[in-house]
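One structure below.
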Amino acid sequence: MSSPAHELLKRVFGYDAFRGNQQAIVEHVTAGNDALVLMPTGGGKSLCYQVPALLREGCGIVVSPLIALMQDQVEALRQVGVRAEFLNSTLDAETAGRVERELLDGSLDLLYVAPERLLTGRFLSLLERSRIALFAIDEAHCVSQWGHDFRPEYRQLTVLHERWPQVPRIALTATADPPTQREIAERLDLAQAEHFISSFDRPNIRYTVVQKDNARRQLLDFLRGHRGEAGIVYCMSRRKVEETADMLRGEGLDALPYHAGLPAEVRAANQRRFLREDGVVMCATIAFGMGIDKPDVRFVAHTDLPKSMEGYYQETGRAGRDGEPAEAWLCYGLGDVVLLKQMIEQGEAGEERKHLERAKLDHLLGYCESMQCRRQVLLAGFGETYPRPCGNCDNCLTPPDAWDATIPAQKALSCVYRSGQRFGVGHLIDILRGSDSERIRQLGHDTLSTFGIGKELDSRNWRGVFRQLVAASLLQVDPEAHGGLRLTDASRDVLKGRRQVMMRREPPATRGERDRSSTPRTGVAVQPQDLALFNALRDLRAELAREQNVPAFVIFHDSTLRNIAEQRPTSLDALGRVGGIGGSKLSRYGQRLVEIVREQG
């Protein structure tokens, strides 16, 4: 049965039906009730407040932490005929004044504003004189002091409920484990609000973890399967970001750097190119990406270990927002663990915070070394049980070999103990393999009982043993000893033969077997017979985007263009039945689209 919400969804946004919890959330908020919404990236969170804002009297106020995000969302709304504006530091005084007058006179449907501006006395006074449909608090996980995106201003947003108790509030996030969910509800005074929790699963993303061997070669090998596609390569340091971008450009990829140390105008220009051009690879620190709306990011590659499962989930979630197949690829080694442990211990945070950061890193290490379905382990971290192996991760597609590593583990632990619990992996492997090096002799380690007892494994496999012992908390990194390893309380049971140690066998150091064609890709799966029309439609979209100086995806998603290429509508009526073509886009672009379809036959 049709409802005002369904009619608006079709007329404005061009969709025939809501997805998942969207309808229940829309009806709940439209009726004037508060809501806390947890929905994965690409699940359609924005519609959950945009539709109620259009159905209710007044203007919807959207609290958004990032300038780029609010600008893209406003532009996308304008494309479908919604009266949307933003207020942020990029506007001159005259433009900001115009937006404020439009809010006061009731001619806006949605207004996006940063929390810092919203909390000013001047803006709160402006709201007092305006008709407000709802308050939407986007990226609500920013309220968590233990989170990776903490924004202290979010803590003060309870003022909205205190001053406007009759106006419904909807807080939304794609990234919150159970403790963070509880903190959001408490800090934003949403304990009595209805909670709508969707599955955190992103079924279109394939998760892969590889052990770092030759990181540059491994990254290039991975990227050969993504020529011509947009993606993000995350690096731990600013220097590595610059080096990686330079290296990729030298290999013929359109790669750009992004980190907080670059001039603001360079960062803005690089981000603009990434959003508005096809096939750009952004090499970045985690300073880049929160709120990036680009739907056709086909891959996210991590060349270093992230700091937490939450951070990893959010960063990988920037891939495949359009629902098309995408890849999340993580390359890590024990050196990453050593560096992150040192960063935690040498940081200025209190002991409570350090304890939490250690636990989060250990959780992520467990994910990396798990032989279980990646998706099951990942979702368990968000309190969700995934019922069966997913079939779309490396552990499902190529199940790892498990082996009884109890004896090698005993040798490794004994070597750590006999050498004084202060040396790193490289030196320990030299002892185990009986290396005749000057340093070994100087330290007298050629006389240890563990000298030469590990020749059955090569250096690469020994690195795997040590890495997995750290992940299993059978060894710990001493941040004060430059990455030296020492035993844990759990080591004793292994050394005394009371605990078996099973490990995943290190895969052979060979290139991947999948297609590495250097032919540019379209980004979405298009049938060969539809490709010429699809490319012609993309050319039109690029032309329209240049004319309006907006990202191409705010005009049409690739998936919409593919639907047109498949269905080949030759009339405006037929085009209006294609998903993603609302009334405004039909009237603005419909005739040109139909003409291209007719030309292509």
From CA spacing to verdict: side chain to side chain contact (heavy atoms under 4.5 Å, CB included), Leu378, Tyr313 = CA-CA 8 Å; Leu378 182 63; Tyr313 176 83; 4.1 Å; yes

Within-4.5 Å side-chain heavy-atom neighbours: Glu100 and Arg129 = no

query = Val51 versus Val12: any side-chain heavy-atom pair under 4.5 Å?
reply = no

task = Write down the atom of Ala136, the atom of Leu172, and the distance for their closest heavy-atom approach.
result = CB-CD1, 4.4 Å

ask   = Between the side chain of Asn21 and the main-chain N/O of Ala24, is any donor-acceptor distance below 3.5 Å?
value = no

inquiry  = Quick check against the 3.5 Å criterion: does Thr244 have a side-chain atom that pairs as donor or acceptor with the backbone of Val241?
reply    = no

remark   = In terms of heavy-atom contacts, Cys368 and Arg374 come closest through O-NH1, 3.0 Å

request  = For Lys307, look at atom NZ and say whether over 12 heavy atoms of other residues, nucleotides or ligands are found less than 6.0 Å away.
outcome  = no

inquiry  = Are Tyr312 and Tyr367, when compared by the centres of their aromatic rings, separated by less than 6.0 Å?
reply    = yes

message = Once rounded to the nearest 0.5 Å, what's the spacing between atom CD of Gln548 and atom CD of Glu543?
response = 10.5 Å

message = If you count every heavy atom of other residues, nucleotides or ligands that lies below 6.0 Å from Glu351 atom CD, does the total exceed 12?
response = yes

query = Taking the side chain as C-beta and beyond, is there a heavy-atom pair between Tyr332 and His302 under 4.5 Å?
reply = no

Arg276 and Asp72 ion-paired at < 4.0 Å = no

key: Any side-chain heavy-atom pair of Leu364 and Ser308 under 4.5 Å   = no

Nearest-0.5 Å distance, CG of residue Asp105 to OG of residue Ser130 = 9.5 Å

inquiry  = Could you check whether any side-chain N or O of Arg169 sits under 3.5 Å from a backbone N or O of Leu134, counting only pairs where one atom can act as donor and the other as acceptor?
reply    = no

message = Less than 4.0 angstrom from a charged side-chain N to a carboxylate O is my criterion; do Arg239 and Glu243 meet it?
response = yes

request  = May I have the step-by-step check of side chain to side chain contact (heavy atoms under 4.5 Å, CB included) for Trp329 and His226, ending in yes or no?
outcome  = CA-CA 12 Å; Trp329 181 84; His226 291 280; over 6 Å; no

message = Please determine whether the number of non-hydrogen atoms from other residues, nucleotides or ligands lying under 6.0 Å from atom NE2 of His195 exceeds 12.
response = yes

inquiry  = Please evaluate residues Leu127 and Phe135 with respect to the criterion side chain to side chain contact (heavy atoms under 4.5 Å, CB included), reporting the C-alpha separation (whole Å), side-chain torsions for both, the decisive distance (0.1 Å), and the verdict.
reply    = CA-CA 11 Å; Leu127 292 181; Phe135 291 109; 4.0 Å; yes

query = Taking side chain as C-beta onward, heavy atoms only, is Asp304 less than 4.5 Å from Leu340?
reply = no

ask   = So, does Ser584 use its side chain to make a donor-acceptor pair with the main chain of Gln79 at under 3.5 Å?
value = yes

key: Donor-acceptor under 3.5 Å (Thr385 side chain, Ala380 main chain)   = no

request  = Please report the closest heavy-atom contact between Thr316 and Ala328, naming both atoms and the distance.
outcome  = CG2-CB, 3.6 Å

ask   = With the threshold set at 4.0 Å, does a side-chain nitrogen-carboxylate oxygen contact exist between Arg298 and Asp296?
value = no

query = Going by heavy atoms in the side chains, are Leu275 and Phe553 under 4.5 Å from each other?
reply = yes

task = Of all the heavy-atom pairs spanning Ala552 and Ala545, show the shortest one and how long it is.
result = CA-CB, 3.8 Å

task = Return yes if some donor-acceptor pair links the side-chain N/O of Arg375 with the main-chain N/O of Arg206 below 3.5 Å, else return no.
result = no

inquiry  = Treating His259 as the side-chain partner and Gly261 as the backbone partner, does any N or O pair qualify as donor plus acceptor under 3.5 Å?
reply    = yes

request  = Working to the nearest 0.5 Å, report the span between CD of Gln73 and OG of Ser46.
outcome  = 4.0 Å

request  = Give a yes or no on whether Gln166 atom CD has more than 12 heavy-atom contacts from other residues, nucleotides or ligands under 6.0 Å away.
outcome  = yes

ask   = Taking side chain as C-beta onward, heavy atoms only, is Arg155 less than 4.5 Å from Val143?
value = yes

message = Is a donor from one side chain sitting under 3.5 angstrom from an acceptor on the other, for Thr158 and His161?
response = no

inquiry  = So Leu157 and Leu118, do their side chains get closer than 4.5 Å, heavy atoms only?
reply    = yes

inquiry  = So does Leu54 get a backbone contact from the side chain of Asp109, meaning a donor-acceptor N/O pair under 3.5 Å?
reply    = no

Salt-bridge present (Glu345, Arg358; N to O < 4.0 Å) = yes

ask   = Charged N to carboxylate O under 4.0 angstrom, Glu310 versus Lys360?
value = yes

key: Residue pair Gly317 / Thr41: nearest heavy atoms and the distance that separates them   = O-CG2, 3.2 Å

Donor-acceptor pair between Gln71 and Glu75 side chains, under 3.5 angstrom = no

task = Measure from the side-chain N and O atoms of Arg56 to the backbone N and O of Thr30, and report whether any donor-acceptor pair falls under 3.5 Å.
result = yes

query = With under 30° as parallel and over 60° as perpendicular, where do the rings of Phe200 and Phe382 fit, or are they tilted in between?
reply = parallel

message = So does Glu324 get a backbone contact from the side chain of Asn204, meaning a donor-acceptor N/O pair under 3.5 Å?
response = yes

inquiry  = Go through it in stages, so that I can follow the logic: the residues are Glu277 and Arg273, the test is salt bridge (charged side-chain N to carboxylate O under 4.0 Å, His left out), and I'd like the CA-CA distance, side-chain angles, deciding distance and then a yes or no.
reply    = CA-CA 6 Å; Glu277 298 180 19; Arg273 278 198 58 200; 3.1 Å; yes

Arg182 vs Glu186, salt bridge (charged side-chain N to carboxylate O under 4.0 Å, His left out): CA-CA, chis, key distance, verdict = CA-CA 6 Å; Arg182 292 190 291 271; Glu186 177 186 346; over 6 Å; no

query = Between Gly381 and His363, which heavy-atom pair has the shortest distance, and what is it?
reply = CA-CE1, 3.6 Å

query = Taking 4.0 angstrom as the limit, do Glu102 and Arg98 come out as a salt bridge?
reply = yes

message = Taking the basic N atoms (NZ, or NE/NH1/NH2) and the acidic carboxylate oxygens, is any pair closer than 4.0 Å for Glu357 and Lys341?
response = no

Salt bridge (charged side-chain N to carboxylate O under 4.0 Å, His left out) evaluation trace for Arg541 with Asp558 = CA-CA 10 Å; Arg541 181 184 65 178; Asp558 276 352; 2.9 Å; yes

Audit row: Met39, Ile25, side chain to side chain contact (heavy atoms under 4.5 Å, CB included) steps and yes/no = CA-CA 11 Å; Met39 189 178 287; Ile25 297 165; 3.9 Å; yes

inquiry  = Check this for me: does any side-chain nitrogen of one of Arg538 and Asp278 sit under 4.0 Å from a carboxylate oxygen of the other?
reply    = yes

